[in-house]
Amino acid sequence: MNQETAEILWNAPAGASVYRIGLSCGSEYARADAGQFATLRLPEESSPLLRRPFSIHRLIRNDGEFQGIEILYKRVGEFTRKLSQAPAGRRIDILGPLGKGFTVTASIKRPALVAGGIGVAPMVFLAEKLIQAGMASDGAVICLGGRSADDVLCAPDFQAMGLKTRITSEDGSIGEKGRVTEALSDWLKDHSPDMVYACGPVPMLDAVSKIAEKQDIACEVSIETVMACGVGACLGCAIKDTRHQSGYGHVCIDGPVFNAARLELTDRH
Ligand SMILES: Cc1cc2nc3c(=O)[nH]c(=O)nc-3n(C[C@H](O)[C@H](O)[C@H](O)COP(=O)(O)OP(=O)(O)OC[C@H]3O[C@@H](n4cnc5c(N)ncnc54)[C@H](O)[C@@H]3O)c2cc1C
Ligand code: FES
């Protein structure tokens, strides 16, 4: 973990209220796991006071040389509004890489990735890591879902990597009409993934973990909670965790990625 002042390399719209920001940060991130995150602060802004957490979307390399990280973010409130207005060249305070990421091993050959809305942010990095670990890209499926076409992000990135892509939207404006969990259930009729990885809203994660449990498939979920410190000091991100001695884990240090079997997600929505 390192705190530094990074330079904004680019900060450009990538959809409705969604942006990609490139940051020139230190080489610790070159060894980051997919699912890890960093917390950001705009140094010259007094508000918001608290740093904000964002997943590593992908590593930036130039001729193989590590340059920094890219973050995919949605404008939802004060910080992300100010961030969306920050131009290339401006400095930003970044702390990371933080937390525990997804398990990636050479034995995972046919995973199902499930992403709801901006929950897709860590999944591009995850797909890259799985391919680097030896997974044949056409062995994997990514189920992408959202309320409407605006919420379905990064499909071309996964297609370029060769993953099978299933797209759903609740209003039917893109892909099949319905929920991303229905696409997963449909996939499971004819396929047996060796792992399910998911990131998105808690009700979606709860549904995905129940589907995986029913079919006896290992499942990891990345949880988003409001975080104050991001480093295990404030206890603000507690989550019921059956494998933790105290009965509670902390999303910022024990997660954000958890084995779904450890968590009780139903009472969080
Ligand atoms: C580990 C982790 C990784 C994340 N990765 C990304 C990412 O890659 N891209 C991205 O766009 N966002 C990500 N988030 C969410 C991001 O941190 C929040 O959107 C951001 O902090 C909002 O700050 P704000 O000041 O703009 O909005 P605020 O004014 O703080 O909040 C605006 C609205 O969003 C809600 N909100 C704020 N934070 C969260 C949260 N964590 N979960 C659910 N609702 C929230 C608030 O309740 C409020 O309704 C991640 C969160 C965590 C914990
Ligand atoms: S955010 Fe402070 S302990 Fe997790």
Side-chain angles (χ1 to χ4, degrees), residues 1 11-23 29 32-42 45-59 69-86 92-102 115-127 144 146 150-154 157 197-206 220-241 244 246 248-258 263 265 268-269:
M1 169 175 65
N11 190 15
S17 306
V18 176
Y19 301 79
R20 290 177 186 273
I21 188 167
L23 302 174
Y29 290 88
D33 294 327
Q36 285 193 288
F37 65 100
T39 59
L40 303 182
R41 206 180 145 259
L42 288 162
E45 298 287 348
S46 54
S47 173
L49 201 61
L50 297 173
R51 313 175 68 85
R52 296 294 200 252
F54 296 91
S55 305
I56 300 168
H57 179 54
R58 63 180 193 93
L59 303 186
I69 63 167
E70 189 176 65
I71 284 169
L72 181 78
Y73 68 96
K74 186 163 184 178
R75 198 183 62 222
V76 294
E78 185 185 4
F79 179 79
T80 45
R81 180 179 51 76
K82 287 181 174 169
L83 187 64
S84 70
Q85 292 160 357
I92 189 162
D93 188 326
I94 176 166
L95 175 70
L98 297 170
K100 295 199 171 69
F102 292 103
I118 194 67
V120 74
M123 292 307 197
V124 168
F125 193 23
L126 175 61
L144 293 171
D150 284 347
D151 304 314
V152 176
L153 304 164
C154 303
D157 297 314
Y197 299 103
C199 187
V202 169
M204 182 207 105
L205 298 182
D206 188 25
E220 290 189 339
V221 294
S222 181
I223 305 281
E224 281 195 15
T225 52
V226 174
M227 287 186 184
C229 72
V231 291
C234 75
L235 311 182
C237 62
I239 185 169
K240 270 191 190 168
D241 177 352
H244 211 277
S246 65
Y248 284 86
H250 295 101
V251 174
C252 64
I253 50 172
D254 300 313
V257 176
F258 291 87
L263 303 179
L265 292 170
R268 291 181 68 87
H269 61 94

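Counting convention: from 1, in listed order, for ligands and their atoms alike.
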>> What I want to know is whether Leu72 and ligand 1 share at least one N or O pair that is separated by under 3.5 angstrom.
In response: yes
> Hey, is atom 44 (N) of ligand 1 under 4.0 Å from any protein heavy atom?
Replying inline: no
> What's the SG-atom 2 (Fe) of ligand 2-SG angle here (Cys229, Cys234), rounded to 10 degrees?
Replying inline: 110°
> Atoms of ligand 2 less than 4.0 Å from Leu235 heavy atoms?
Replying inline: 2 (Fe), 3 (S)
>> Taking 4.0 angstrom as the limit and counting only heavy atoms of Gly232, give me the atoms of ligand 2 inside it, by number and element.
In response: 3 (S)
>> Considering non-hydrogen atoms of the protein only, which is the closest contact for atom 26 (O) of ligand 1, and what is the distance?
In response: Thr80 OG1, 2.5 Å
> Using a heavy-atom cut-off of under 4.0 Å, does the side chain or the backbone of Met227 touch ligand 1, or both, or neither?
Replying inline: side chain
> Closest non-hydrogen protein atom to atom 52 (C) of ligand 1, residue and atom name please, with distance?
Replying inline: Pro53 CG, 3.7 Å
> Does atom 47 (O) of ligand 1 have a protein heavy-atom neighbour under 4.0 Å away?
Replying inline: no
> Tell me: protein heavy atom nearest atom 39 (C) of ligand 1, and distance?
Replying inline: Val226 CG2, 4.1 Å
> Parallel, tilted or perpendicular: which fits the ring planes of Tyr197 and Phe102, with parallel below 30° and perpendicular above 60°?
Replying inline: perpendicular
> Which part of Val231 is near ligand 2, with near meaning a heavy atom under 4.0 Å away: side chain, backbone, both or neither?
Replying inline: neither
> Out of Lys74, Gln36, Glu224, who gets a non-hydrogen atom closest to atom 15 (C) of ligand 1?
Replying inline: Glu224
>> Taking Ser47's backbone N and O only, do any of them form a donor-acceptor pair with Lys82's side chain (distance below 3.5 Å, no angle check)?
In response: yes
> Counting only non-hydrogen atoms of the protein, does one fall under 4.0 Å from atom 3 (C) of ligand 1?
Replying inline: yes
> Considering only heavy atoms, does Ile118 approach ligand 1 within less than 4.0 Å through its side chain, its backbone, both, or neither?
Replying inline: side chain
>> Would you say atom 36 (N) of ligand 1 makes contact with the protein, given that contact here means a non-hydrogen protein atom less than 4.0 Å away?
In response: no
> Who's the nearest protein heavy-atom neighbour of atom 21 (O) of ligand 1, and how far?
Replying inline: Arg52 CD, 3.0 Å
> Is any side-chain heavy atom of Phe258 closer than 4.5 Å to a side-chain heavy atom of Glu220?
Replying inline: no
>> If the cut-off is 4.0 Å to any non-hydrogen atom of Tyr73, which atoms of ligand 1 fall inside it?
In response: 9 (N), 10 (C), 11 (O)
> Which ligand 2 atoms does Cys252 reach within 4.0 Å, using its non-hydrogen atoms?
Replying inline: 1 (S), 3 (S), 4 (Fe)
> Given the protein's heavy atoms, is any one of them under 4.0 Å from atom 10 (C) of ligand 1?
Replying inline: yes
> Can you find a protein heavy atom closer to atom 18 (C) of ligand 1 than 4.0 Å?
Replying inline: no
> Is there a heavy atom of Ile71 sitting under 4.0 angstrom from any atom of ligand 1?
Replying inline: no
>> Between Cys237 and atom 4 (Fe) of ligand 2, is there a contact where an N/O/S atom of the residue lies under 2.8 Å from the metal?
In response: yes
>> List ligand 2 atoms under 4.0 Å from Ala228, heavy atoms only on the residue side.
In response: 1 (S)
> Which of the numbered atoms in ligand 2 are below 4.0 angstrom from a heavy atom of Ala233?
Replying inline: 3 (S)
> Given Gly230, Gly77, Gly117, which one has a non-hydrogen atom that is nearest to atom 27 (O) of ligand 1?
Replying inline: Gly77
> In ligand 2, which numbered atoms sit nearer than 4.0 Å to a non-hydrogen atom of Gly230?
Replying inline: 1 (S), 2 (Fe)
